[in-house]
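Below: one structure, written as structure tokens.
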Amino acid sequence: MKETNRLISPSLLSADFGHLANEIEDINNSQAQYLHIDIMDGVFVPNISFGFPVLKYVAKLSTKPLDVHLMIVEPDKFVNEVKALGAEFMNVHYEACTHLHRSFQRIHDAGMKTGVTLNPHTPVELLEDIIDEANLVLLMSVNPGFGGQKFIENTYSKVERLRNMIDRHNSHTLIEVDGGVTPDNAGKLYKIGADILVAGSSVFNTPNRQEAINNILNAK
């Protein structure tokens, strides 16, 4: 299996909110390709994160394209708000969308790229009939809602199965992995087919964010 491009999307959820502008500036000056934004509602996941007033400030400061991950019920209600941030990807959960194809249509009509996230228990095979419409598939490698969790080993198998599906369809869908990503597992994830790795604690809980990003991008 040919290794894909190595991309990284640092997760702002793990940043120091007391120095948010400085944290964003560090990412702006790094080799990261995206800035990952986790929006949580306390309903779909047992936590609450950012609201759109804060994210408008983040969007003004970030020079990296925004990779917006909505861990919320009824994400279709917020297409316009995500679009207003200038987001490149609007990523919704498979488990939260009764009509995923319709959700994708609304996202595309708003001029954004579509993303769909699968929780750890959700098989990748459920995407067989929608994979050609997805610009991005995000595989959760921890249970969503909190940072700093341990990587779920079954994710490797899911990445390989998803990569095989994408290749069968001759699709250009990107594979993203989120949760417990470190330099210790990043190399393998890239090699088996992941395109983008979301890294929170392993970037923002280090003294040098840019070095931490490089360590993931260059992991063996």
Side-chain angles (χ1 to χ4, degrees), residues 4-13 24 27-28 31-40 44 49-50 52 55-56 58-72 74-119 122 124 126-141 144 158-159 162-163 165-179 181 189-190 193-200 217:
T4 56
N5 292 326
R6 293 185 172 218
L7 307 173
I8 189 170
S9 187
S11 175
L12 198 65
L13 187 66
I24 294 171
I27 302 304
N28 289 344
Q31 296 300 309
Q33 288 79 20
Y34 299 99
L35 179 62
H36 191 81
I37 305 294
D38 290 307
I39 300 178
M40 305 178 187
F44 183 71
S49 60
F50 311 101
F52 286 101
L55 292 179
K56 288 179 182 178
V58 171
K60 288 179 181 179
L61 294 178
S62 178
T63 61
K64 304 292 183 181
L66 299 185
D67 165 25
V68 178
H69 176 195
L70 284 84
M71 304 184 201
I72 65 174
E74 300 184 288
D76 289 22
K77 290 183 176 180
F78 298 96
V79 171
N80 291 336
E81 285 83 352
V82 176
K83 172 62 178 177
L85 298 176
E88 179 168 333
F89 290 100
M90 178 172 169
N91 199 328
V92 299
H93 268 259
Y94 178 91
E95 302 84 3
C97 294
T98 305
H99 305 286
L100 183 58
H101 188 271
R102 181 183 297 162
S103 299
F104 276 7
Q105 286 180 316
R106 290 174 174 169
I107 294 168
H108 275 144
D109 288 348
M112 294 180 287
K113 295 178 181 178
T114 54
V116 58
T117 299
L118 300 183
N119 280 337
T122 305
V124 299
L126 292 174
L127 298 179
E128 188 78 47
D129 293 324
I130 195 73
I131 196 66
D132 293 329
E133 304 295 328
N135 298 117
L136 174 76
V137 175
L138 170 55
L139 299 179
M140 290 302 302
S141 44
K158 292 183 75 170
V159 171
L162 180 57
R163 174 53 58 196
M165 180 192 299
I166 290 169
D167 290 347
R168 286 200 315 273
H169 282 258
N170 293 316
S171 172
H172 297 292
T173 306
L174 299 174
I175 297 176
E176 187 172 46
V177 177
D178 182 1
V181 171
L189 288 167
Y190 285 129
D195 299 282
I196 307 172
L197 299 183
V198 177
L217 288 171

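By convention here, the first residue in the shown sequence is residue 1. The structure presented is a predicted model; accordingly, all values stated were derived computationally and were not measured.
- Here S11 pairs with L13, H36, D38, V198 under the side-chain contact (heavy atoms from CB on, under 4.5 Å) rule; sequence neighbours left out.
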Practice item. Would you check, one step at a time, whether the test side chain to side chain contact (heavy atoms under 4.5 Å, CB included) holds for N91 with E176? Key: CA-CA 11 Å; N91 199 328; E176 187 172 46; 3.9 Å; yes
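- Without hydrogens or angle criteria, S103 side chain to P75 main chain gives no donor-acceptor distance under 3.5 Å.
- Heavy atoms only, all atoms of each residue included: A59 and L66 are closest at CB-CD1, 3.9 Å.
- E128 CD: more than 12 foreign heavy atoms inside a 6.0 Å radius.
- With sequence neighbours left out, S141 forms a side-chain hydrogen bond (donor to acceptor under 3.5 Å, both in side chains) with no residue at all.
- Across all non-hydrogen atoms, the minimal contact from Q33 to R6 is NE2-O, 4.0 Å.
- Shown here are the side-chain hydrogen bond (donor to acceptor under 3.5 Å, both in side chains) partners of T63, two or more places apart in sequence or in another chain: N28.
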Would you list the atom pairs, donor with acceptor, under 3.5 Å between side chains in residues 78-86 and any protein atom, with sequence neighbours excluded?
residue	atom	partner	partner atom	Å
K83	NZ	A110	O	3.3

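- For CG of D129, the number of neighbouring non-hydrogen atoms (other residues, nucleotides, ligands) closer than 6.0 Å is 12 at most.
- Note that the CG atom of N119 and the OG1 atom of T117 stand 8.0 Å from one another [nearest 0.5 Å].
- Side-chain atoms of D195 come within 3.5 Å of backbone N or O of I175 as a donor-acceptor pair.
- Residues forming a salt bridge (Lys or Arg N to Asp or Glu O under 4.0 Å) with E74 (at least two apart in sequence, or on another chain): K77.
- Minimum heavy-atom separation, Q31 to L217: CB-CD1, 3.8 Å.
- For H99, the side-chain contact (heavy atoms from CB on, under 4.5 Å) criterion is met by R102, not counting sequence neighbours.
- Using a distance-only test at 3.5 Å, with no hydrogens or angles considered, a donor-acceptor pair links the side chain of Y190 to the main chain of L7.
- In this structure, the ring pair (Phe, Tyr, Trp, His ring centres under 6.0 Å) partners of F50, at least two apart in sequence or on a different chain, are F17.
- The side-chain contact (heavy atoms from CB on, under 4.5 Å) check on D132 picks up H169, S171, with sequence neighbours excluded.
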Point to revise | Derivation and outcome, side chain to side chain contact (heavy atoms under 4.5 Å, CB included), residues I196 and L138 | key: CA-CA 9 Å; I196 307 172; L138 170 55; over 6 Å; no
Exercise for review: Could you check F52 against I39 for side chain to side chain contact (heavy atoms under 4.5 Å, CB included), going step by step and ending with a plain yes or no?
Suggested key: CA-CA 9 Å; F52 286 101; I39 300 178; 4.0 Å; yes
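- Residues passing the salt bridge (Lys or Arg N to Asp or Glu O under 4.0 Å) test with E88 are K113, sequence neighbours excluded.
- For F104, there are no ring pair (Phe, Tyr, Trp, His ring centres under 6.0 Å) partners, not counting sequence neighbours.
- Taking every heavy atom of both residues into account, L126 and Y94 meet most closely at CB-OH, 3.6 Å.
- Using modelled atom types, one side-chain atom of T173 and one backbone atom of I131 make a donor-acceptor pair closer than 3.5 Å.
- The salt bridge (Lys or Arg N to Asp or Glu O under 4.0 Å) test applied to K158 returns no partner, not counting sequence neighbours.
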